[in-house]
Amino acid sequence: MTTHAIISYDDTQDDHDALMMGRVLAEAGASLTLAYVRHSVESRPEHEQRSHAEAEALLARGAEWLEQANIDRRVIVSPSTGEGLAWLAAQEHADIVVFGSDYRTGHGHVSVGRSAHTLLERGPAALAIAPAGYRGHENAIETIGIMPGSADETAIETAFSLAARFSASVVDRERGVDLLVVGSRAEAPQGRVMISSRSLSALDEATCPVLVVAREVALHFETGLVTA
């Protein structure tokens, strides 16, 4: 079954980093959905129609950037971006939710924003976070690291599945790699994401994309897709 990734997108520069991360996952065989979370519904019908049209146009710009004109798109309404995306991931049985880093993050570094942090606390899908400025580089995946101390079978299986798609090597370290895979805590419910305080601190020191996998749910990247 094809791995399904939802990209959180609101047309900011940070979310262009998320688009690039989505492109990398698509190269590994994932199918993509672009999602924008509106935080309220307008009381007047004409205003609501305009707001929805603006949201659709925003997602169309993301699709154009990805060069995937027919990409699946979702506009949802929720007071919280994180909660809205968690709901969508559960409804769509998505495997990954993709974010850019917090907007204040220094170039080349990862920082977990508020919305992403919501999904790190029992979120229903794996979480991918792109470093700031990721959109502006050629992002070859040659070395995949597994964070020491979180290397359960799920993280290991996911790392090797990705490595097979990219002809990459897998190493037991968190620095000097092109992608870092992090496992969830042993006490996390099956299918949910929970990480240790050490892992969370390590995320904020990462300089490559991070993929946090849910407990006992390995991700498989087995089928290449046409992305245009």
Side-chain angles (χ1 to χ4, degrees), residues 1-8 16-33 65-68 94-101 105 107-112 116 120 125-184 193 195-196 198-200 202-228:
M1 187 172 181
T2 302
T3 296
H4 177 200
I6 294 173
I7 304 173
S8 174
H16 282 83
D17 297 327
L19 289 180
M20 179 59 79
M21 185 70 230
R23 179 176 288 176
V24 169
L25 292 171
E27 289 173 359
S31 63
L32 303 180
T33 293
W65 193 96
L66 282 170
E67 298 179 336
Q68 290 198 39
D95 302 289
I96 310 171
V97 181
V98 184
F99 290 93
S101 288
T105 307
H107 188 86
H109 292 268
V110 169
S111 181
V112 181
L120 285 176
L127 206 67
I129 306 173
Y134 196 60
R135 61 192 176 277
H137 300 278
E138 294 295 328
N139 299 297
I141 305 296
E142 298 178 350
T143 306
I144 297 173
I146 302 175
M147 182 175 289
S150 75
D152 61 2
E153 291 184 5
T154 300
I156 294 168
E157 189 175 342
T158 297
F160 275 95
S161 181
L162 275 167
R165 294 298 302 165
F166 291 116
S167 300
S169 59
V170 177
V171 296
D172 185 24
R173 66 172 188 264
E174 58 196 73
R175 299 187 182 277
V177 298
D178 302 308
L179 176 67
L180 179 63
V181 179
V182 181
S184 286
V193 169
I195 63 173
S196 66
R198 180 197 174 277
S199 292
L200 183 59
L203 292 191
D204 286 330
E205 297 176 2
T207 56
C208 67
V210 176
L211 179 61
V212 184
V213 296
R215 185 69 182 168
E216 298 183 4
V217 182
L219 301 174
H220 298 107
F221 300 86
E222 298 170 343
T223 309
L225 297 177
V226 177
T227 59

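Reckoned from all heavy atoms, side chains included, excluding hydrogens, waters and symmetry mates. Everything numeric in this text was worked out from a predicted model, so none of it was measured.
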### Message
Using the rule given for side-chain contact (heavy atoms from CB on, under 4.5 Å), can you reason through Ile144 versus Leu211, listing the C-alpha separation, both sets of side-chain angles and the distance that settles it, and then say yes or no?
### Response
CA-CA 10 Å; Ile144 297 173; Leu211 179 61; over 6 Å; no

Distance, nearest 0.5 Å, that separates [atom1] of [X] from [atom2] of [Y]:
X	Y	atom1	atom2	answer
Met21	Phe99	CE	CZ	13.5 Å
Tyr134	Arg23	OH	CZ	11.0 Å
Ile6	Ser31	CD1	OG	9.5 Å
Ile195	Leu200	CD1	CG	4.5 Å

### Message
Using the ring pair (Phe, Tyr, Trp, His ring centres under 6.0 Å) criterion, which residues pair with His109? Sequence neighbours excluded.
### Response
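With neighbours one apart ignored, the set is empty.
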
Identify the heavy atoms of [X] and [Y] that sit nearest to each other, and give their distance.
X	Y	value
Ala94	Ala125	O-CB, 3.6 Å
Ala130	Ala18	CB-N, 4.3 Å
Met147	Leu203	CE-CD2, 4.4 Å
Val112	Asp204	N-OD1, 3.5 Å

### Task
Go through the structure and list residues passing salt bridge (charged side-chain N to carboxylate O under 4.0 Å, His left out) with Asp17, not counting sequence neighbours.
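Expected list: Arg135.
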
Does the [X] side chain pair with the main chain of [Y], one donor and one acceptor, at a distance under 3.5 Å?
X	Y	result
Thr2	Ala30	no
Thr158	Leu219	yes
Ser101	Ser111	yes

### Task
With sequence neighbours left out, write down each residue that passes side-chain hydrogen bond (donor to acceptor under 3.5 Å, both in side chains) with Thr207, or none if nothing qualifies.
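For Thr207, no residue satisfies side-chain hydrogen bond (donor to acceptor under 3.5 Å, both in side chains) once neighbours in sequence are set aside.
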
Taking side chain to side chain contact (heavy atoms under 4.5 Å, CB included) as the definition, give me every residue that meets it alongside [X], ordered by chain and number, with sequence neighbours left out.
X	result
Ser161	His220, Phe221
Ala155	Ile146, Asp152, Val181, Val213
Ala5	Leu25, Leu32, Ile96, Val98

N/O donor to acceptor pairs below 3.5 angstrom from side-chain atoms of residues 171-180, sequence neighbours left out:
residue : atom : partner : partner atom : Å
Arg173  : NE   : Arg175  : O            : 2.8
Arg173  : NH2  : Gly176  : O            : 3.4
Glu174  : OE1  : Arg198  : NH2          : 3.2
Arg175  : NH2  : Glu205  : OE1          : 3.2
Asp178  : OD2  : Glu142  : N            : 2.9
Asp178  : OD2  : Thr143  : N            : 2.9

